[in-house]
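Working notes, structure below.
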2 protein chains.
Amino acid sequence: MTMSEIKIDPRIKRTRKLIMDSFIELAMKKDVKDITIKDITAEATVNRATFYSHFTDKYDLLEKSLTEDLMMNVSNEIAQHEKLTEDTIVSIFLSITTFHLSLSSQCRRSFQAFSVTIEAIIKKKLEAIFYQALLKQHAADSDESLRIAAFMLSWGIYGASVDWKQSSSIAPEEYIRLALPYFMYGMDFYVTAE
Amino acid sequence: MTMSEIKIDPRIKRTRKLIMDSFIELAMKKDVKDITIKDITAEATVNRATFYSHFTDKYDLLEKSLTEDLMMNVSNEIAQHEKLTEDTIVSIFLSITTFHLSLSSQCRRSFQAFSVTIEAIIKKKLEAIFYQALLKQHAADSDESLRIAAFMLSWGIYGASVDWKQSSSIAPEEYIRLALPYFMYGMDFYVTAE
DNA sequence: GTCCATATGTTGTTTAAACAATAAAAGCCA
DNA sequence: TGGCTTTTATTGTTTAAACAACATATGGAC
């Protein structure tokens, strides 16, 4: 499908999944800081040394557990469309809000302490993905301007998801449609339109 | 706990479980004869060659899948009591009826074709377990008489479970309590009691 | 019947994970 | 504070599982 990273040893996939799932499972029951590596590997039926061959420590695992699912969706979304369109923005926004919903319903206690960390992680990932996508479309333009565009996009779309969660009562689809013009045409749309 | 078979590589346990669970899962959906090894290993995320290092073929897997759970219970039950008592008979009977119930509710379509095979497998296993248990209690007696006793017990208790399922409307506990005298004292009880 | 695709077993090699031993850090509590 | 247990992190060795390639065998379709 995605042609990148074909042929990865199934044992690696399985072990990573076992560890991540066990971690999420444990995080639903107790605080992340009270979870030991031993707890995780015991739950995952995996040797403790194996943990360290996949993750550097608990917070590396936290990061990867949180972003893997979300970013898989987002990356696929972008890869599918092959270039950024309004629809791309919409479906990425929906991926993020869905992710936040599942996070807050699944394991609020454990993860709310990391909301700042989570935000930073996701924005950074989004930025990288946007940057790559932009590079393909605008190979000519300067790297720096594309980097900045990617940065603005990631902050904008993540910020929109936060705003939606905190203040808005409309459906996420509706919300992002309202915000779309800003993403596509910038401030100009709102200032000069009549 | 049971002190026997300590220290078995967790990968072996995991793989066996993955394969067996996948097989049961598939057997709920389609006929056993239509399930390929490839189907099973795909579902289990295990290499096909690995299948053959654990089971000789599909019917070996069938046999082990069917008996593993049941026999685990039965063996533990006997191991706990350390000798055969009325209570042992009762709880083994209950294990068998429970097993039959779960089998008929889970995957009737696939397994009803094997009812004869299943009966043979279980009786043979029961016989072996009874024989071992009797050997401990009556080391002095002749092997042959113990073997026969084990044989009679296994047929009796399995037959009782079949009779209960087919003809009886009372609870299994009640049923086996009624049959207990025969197991304990044999025909004599019914003939000479007054 | 032949042809073709798919399923079954088997084998030698490579690799991921288990294991055991180790040293250092972190808690803990008296 | 010192002594104790628990957890962390790393390393060399062993083993189970993945992989690829192979030789049958089975089963439809033509």
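By convention in this document, chain letters (A, B, ...) are assigned in the order of the sequence lines, proteins followed by strands, and residues within each chain are numbered from 1. Owing to the predicted nature of the structure, the values given are computational and were not obtained by experimental measurement.
Computed from coordinates, the His54(A) NE2 to dA18(C) C1' distance equals 12 Å when rounded to whole Å. Rounded to whole Å, the distance from NZ on Lys7(A) to C1' on dA18(D) is 12 Å. What separates CG of Asn47(A) from C1' of dA21(C) is a distance of 13 Å, to the nearest Å. Rounded to an integer number of Å, the gap from Phe55(A) CZ to dA17(C) P is 10 Å. The separation between Tyr59(A) atom OH and dT8(D) atom P is 10 Å, rounded to whole Å.
Contact annotation for Arg16(A): no contact, since no heavy-atom pair falls under 4.0 Å across all strands. Among the heavy atoms of the strands lying under 4.0 Å from Thr45(A) are primed sugar atoms or P, OP1, OP2 only; no base atom is included.
Ion pairing between Lys17(A) and Asp21(A) holds under the 4.0 Å rule for side-chain N and carboxylate O. A salt bridge does not link Glu174(A) with Arg177(A): every distance from a Lys NZ or Arg NE/NH1/NH2 to an Asp or Glu carboxylate oxygen is 4.0 Å or more. Under 4.0 Å is where a charged nitrogen must lie from a carboxylate oxygen, and between Lys13(A) and Asp9(A) no such pair does. Looking at Glu127(A) and Lys124(A), no side-chain N of the basic residue comes within less than 4.0 Å of a carboxylate O on the acidic one, giving no salt bridge.
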Query raised in the report: Could you run down nucleotides 3-15 of chain C 5' to 3' and tag each one B, S or - for protein heavy-atom contact under 4.0 Å?
Result: ----SBBBB---B
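Between atom OG1 of residue Thr15(B) and atom CG of residue Asn47(B) there is a gap of 10.5 Å, rounded to the nearest 0.5 Å.
Contact between the side-chain N/O atoms of Arg14(A) and the OP1/OP2 oxygens of dA17(D) is not found at any separation under 4.0 Å.
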Requested in this report: Apply side chain to side chain contact (heavy atoms under 4.5 Å, CB included) to the pair Glu119(A) and Val116(A), showing each step before the final yes or no.
Outcome: CA-CA 5 Å; Glu119(A) 175 172 336; Val116(A) 176; 5.8 Å; no
Query raised in the report: Are Met71(B) and Leu126(B) close enough, and set up right, to give a side chain to side chain contact (heavy atoms under 4.5 Å, CB included), and what steps lead you there?
Result: CA-CA 8 Å; Met71(B) 289 310 154; Leu126(B) 283 174; 4.3 Å; yes
Report task. Take Leu134(B) and Leu84(B), measure what side chain to side chain contact (heavy atoms under 4.5 Å, CB included) needs, and give me the verdict at the end. Result -> CA-CA 8 Å; Leu134(B) 288 172; Leu84(B) 298 178; 3.7 Å; yes
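With no hydrogens or angles considered, a side-chain donor-acceptor pair links Tyr175(B) and Asp163(B) at under 3.5 Å.
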Taking N or O atoms only and anything under 3.5 Å, show me the protein contacts with nucleotides 24-27 of chain D, one pair per line.
none

